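All chains are named by letter (A, B, ...) in the order of the sequence lines, taking the proteins before the strands, and each is independently numbered beginning at 1. Because the structure is predicted, anything quoted here is derived from the model rather than measured.
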2 protein chains.
Amino acid sequence: MENLLKNKNIRVTPFRMDVLRVFNSFENAISLSQIEEKLGSFDRITLYRTLKSFQENGLIHEIVMPGDIKKYAMCEEKCGHKEHNHQHEHIHFHCKKCSEVYCLDIPALPNFHFTNYTIENVEIQVKGICEKCQK
Amino acid sequence: MENLLKNKNIRVTPFRMDVLRVFNSFENAISLSQIEEKLGSFDRITLYRTLKSFQENGLIHEIVMPGDIKKYAMCEEKCGHKEHNHQHEHIHFHCKKCSEVYCLDIPALPNFHFTNYTIENVEIQVKGICEKCQK
DNA sequence: TATAATTATGCAACAATGTTGCAATAAATA
DNA sequence: TATTTATTGCAACATTGTTGCATAATTATA
Ligand SMILES: [Mn+2]
Ligand SMILES: [Mn+2]
Ligand SMILES: [Zn+2]
Ligand SMILES: [Zn+2]
């Protein structure tokens with residue numbers, strides 16, 4: 001599992017491995033407080049810097065939704081290092097009942113075109129009721 | 001312009017009119033700090049509560065993007081009061097050069113379908129270079 | 001228009017979230 | 001193993017957001 005870090009050029013440290021294990025222990029996207037709960041005792045600042053470094057190196061991506069919802073999820077293997085954009089062929093589905101955020105694969109991203117606007121990146125967020133929460 | 005408030009069942013007060021005028025003085029979506037700058041002197045807590053009430057009553061909507069970007073923009077006339085969802089037939093375009101966030105009308109929302117997931121609301125965020133920033 | 005009911009405001013106090021600088025420490029490289 | 005380079009942990013600070021409460025203003029009612 002160290003290789004997950006090495007492959008993205010992230011130095012391997014005990015704390016980073018701890019954080020990585022937290023991600024692997026969840027199915028879906030997780031919030032800062034979920035990470036903190038799992039970690040037990042830890043340094044808050046180091047955690048912020050760890051998440052930032054994971055993002056910058058394409059190991060995780062950030063998901064934000066209206067209503068101060070912020071979560072993190074693991075990226076794909078192929079996901080870009082450093083300044084390259086994360087390019088995910090999936091949408092983010094937020095369930096209103098259980099509050100889980102799912103990364104759902106979609107066959108093809110819809111193709112927008114706006115005259116005179118250059119499109120580099122499309123993010124799609126969907127709200128509704130998830131599979132498990134259907135009555 | 002008072003009617004913009006009355007139509008959405010928002011009590012008219014001098015401060016709320018001030019905030020409304022700030023929105024009308026900008027073309028695109030605006031940030032909290034942009035509002036604060038325009039207001040001059042004001043009570044921070046009242047502003048938070050004003051924005052919350054504007055949102056709850058369908059006068060403005062909140063736009064969030066990865067990287068701690070949070071902006072506000074006016075809704076359409078038709079936009080839902082209270083607990084009804086804001087339903088906007090537009091996307092949010094964030095320009096990497098000038099950092100403006102545009103609400104851009106699109107002819108039709110793409111139609112997603114995920115087996116066993118009930119979709120209630122779709123938000124689309126696009127990053128790129130805007131019209132005005134093209135070389 | 002005067003009165004009552006309802007909601008908004010302003011202030012204090014607090015909570016949550018995020019950033020920077022720096023010395024000590026640990027990881028990777030040679 | 002020695003050197004280079006990046007990470008950690010701590011303090012201090014900045015930004016963002018919330019709650020309670022007394023006072024003031026707005027709206028509804030008579
Ligand atoms: Mn995702
Ligand atoms: Mn909009
Ligand atoms: Zn659910
Ligand atoms: Zn631009």
Side-chain angles (χ1 to χ4, degrees), chain A residues 1-22 29-72 81-83 99, chain B residues 1-22 29-72 81-83 99:
Chain A
M1 207 164 65
E2 279 192 14
N3 284 342
L4 280 173
L5 298 179
K6 285 181 179 162
N7 291 341
K8 306 265 172 155
N9 275 90
I10 301 167
R11 281 198 181 184
V12 179
T13 70
F15 184 72
R16 287 175 175 173
M17 289 301 292
D18 287 348
V19 175
L20 188 52
R21 271 188 290 272
V22 171
I30 55 181
S31 64
L32 184 65
S33 54
Q34 285 176 304
I35 300 171
E36 290 179 332
E37 280 161 24
K38 274 271 175 181
L39 281 176
S41 93
F42 65 98
D43 182 72
R44 218 168 49 86
I45 292 98
T46 305
L47 177 55
Y48 278 116
R49 290 198 269 228
T50 297
L51 293 175
K52 183 173 285 181
S53 134
F54 281 9
Q55 280 181 79
E56 286 172 353
N57 294 289
L59 182 64
I60 65 173
H61 59 284
E62 181 184 79
I63 303 154
V64 290
M65 304 229 178
D68 294 311
I69 296 164
K70 182 183 265 186
K71 303 221 178 188
Y72 304 91
H81 297 212
K82 302 281 173 196
E83 62 283 345
S99 298
Chain B
M1 207 162 66
E2 278 193 17
N3 284 340
L4 281 174
L5 297 179
K6 286 181 179 163
N7 292 342
K8 307 265 172 156
N9 276 88
I10 301 166
R11 283 199 179 184
V12 179
T13 70
F15 184 71
R16 286 173 175 176
M17 289 301 293
D18 287 348
V19 175
L20 189 51
R21 272 188 289 271
V22 172
I30 55 182
S31 65
L32 184 66
S33 54
Q34 284 177 305
I35 300 172
E36 290 179 332
E37 280 162 23
K38 274 268 176 181
L39 281 176
S41 94
F42 65 97
D43 182 72
R44 215 169 52 85
I45 291 99
T46 305
L47 178 54
Y48 277 116
R49 289 198 269 227
T50 297
L51 292 176
K52 183 173 285 180
S53 136
F54 280 10
Q55 280 180 79
E56 285 172 354
N57 293 290
L59 182 64
I60 64 173
H61 58 284
E62 181 184 80
I63 304 154
V64 289
M65 305 228 176
D68 294 310
I69 296 164
K70 182 183 265 186
K71 303 221 178 188
Y72 304 92
H81 297 209
K82 302 280 172 197
E83 62 284 343
S99 297

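When the side-chain contact (heavy atoms from CB on, under 4.5 Å) test is applied to A:Ile45, the partners found at least two apart in sequence or on another chain are A:Asp43, A:Arg49. For B:Glu2, the side chain to side chain donor-acceptor pair (under 3.5 Å) criterion is met by B:Lys6, not counting sequence neighbours. Shown here are the salt bridge (charged side-chain N to carboxylate O under 4.0 Å, His left out) partners of B:Asp18, two or more places apart in sequence or in another chain: B:Arg21. Take B:Ser31 and apply the side-chain contact (heavy atoms from CB on, under 4.5 Å) test, not counting sequence neighbours, and it matches B:Ser33, B:Gln34. Listed by chain and number, the residues in a salt bridge (charged side-chain N to carboxylate O under 4.0 Å, His left out) with A:Arg44 amount to none (sequence neighbours excluded). Contacts of A:Thr50 classified as side-chain contact (heavy atoms from CB on, under 4.5 Å), with partners at least two apart in sequence or in another chain: A:Phe15, A:Arg16, A:Val19, A:Thr46, A:Phe54. Legend: residues meeting side-chain contact (heavy atoms from CB on, under 4.5 Å) with A:Ile69, ordered by chain and number and at least two apart, are A:Met65, A:Lys71, A:His94. Scanning for salt bridge (charged side-chain N to carboxylate O under 4.0 Å, His left out) contacts around A:Lys70 gives A:Glu62, B:Asp68, with sequence neighbours left out.
A:Leu59 contributes atom CG, which lies 4.5 Å from atom CD1 of A:Ile10 (distance to the nearest 0.5 angstrom).
In this structure, CG of A:Leu32 is placed 17 Å from P of D:dT16, rounded to the nearest angstrom. Atom CG in B:Leu5 sits about 14 Å away from atom C1' in D:dT27, given to the nearest Å. Separating the CD1 atom of A:Ile69 from the P atom of D:dG17 is a distance of 14 Å, rounded to the nearest angstrom.
Listed for the A:Lys38 side chain is no donor-acceptor partner under 3.5 Å among the backbone atoms of A:Val22.
Across residues 38-54 of chain B, B:Arg44, B:Ile45, B:Tyr48, B:Arg49, B:Lys52 each have a non-hydrogen atom less than 4.0 Å from an atom of DNA chain D (numbered order). Contacts between residues 11-19 of chain B and DNA chain C, defined by a heavy-atom separation below 4.0 Å, involve B:Arg11, B:Thr13, B:Phe15, B:Arg16, listed by number.
Running 5' to 3' along DNA chain C, contacts with non-hydrogen atoms of chain A at under 4.0 Å begin and end at C:dT17 to C:dA28.
Across its full length, the helix from C:dT1-D:dA30 to C:dA30-D:dT1 shows an angle of 50° between the axes of its 5 terminal pairs at either end, rounded to 10 degrees.
The side-chain heavy atoms of B:Asn57 and B:Leu5, taken from C-beta on, include no pair separated by under 4.5 Å. Put simply, the side chain of B:Leu32 reaches to within 4.5 Å of the side chain of B:Leu51, judged on heavy atoms. Between B:Phe42 and B:Glu36 there is a side-chain heavy-atom pair separated by less than 4.5 Å.
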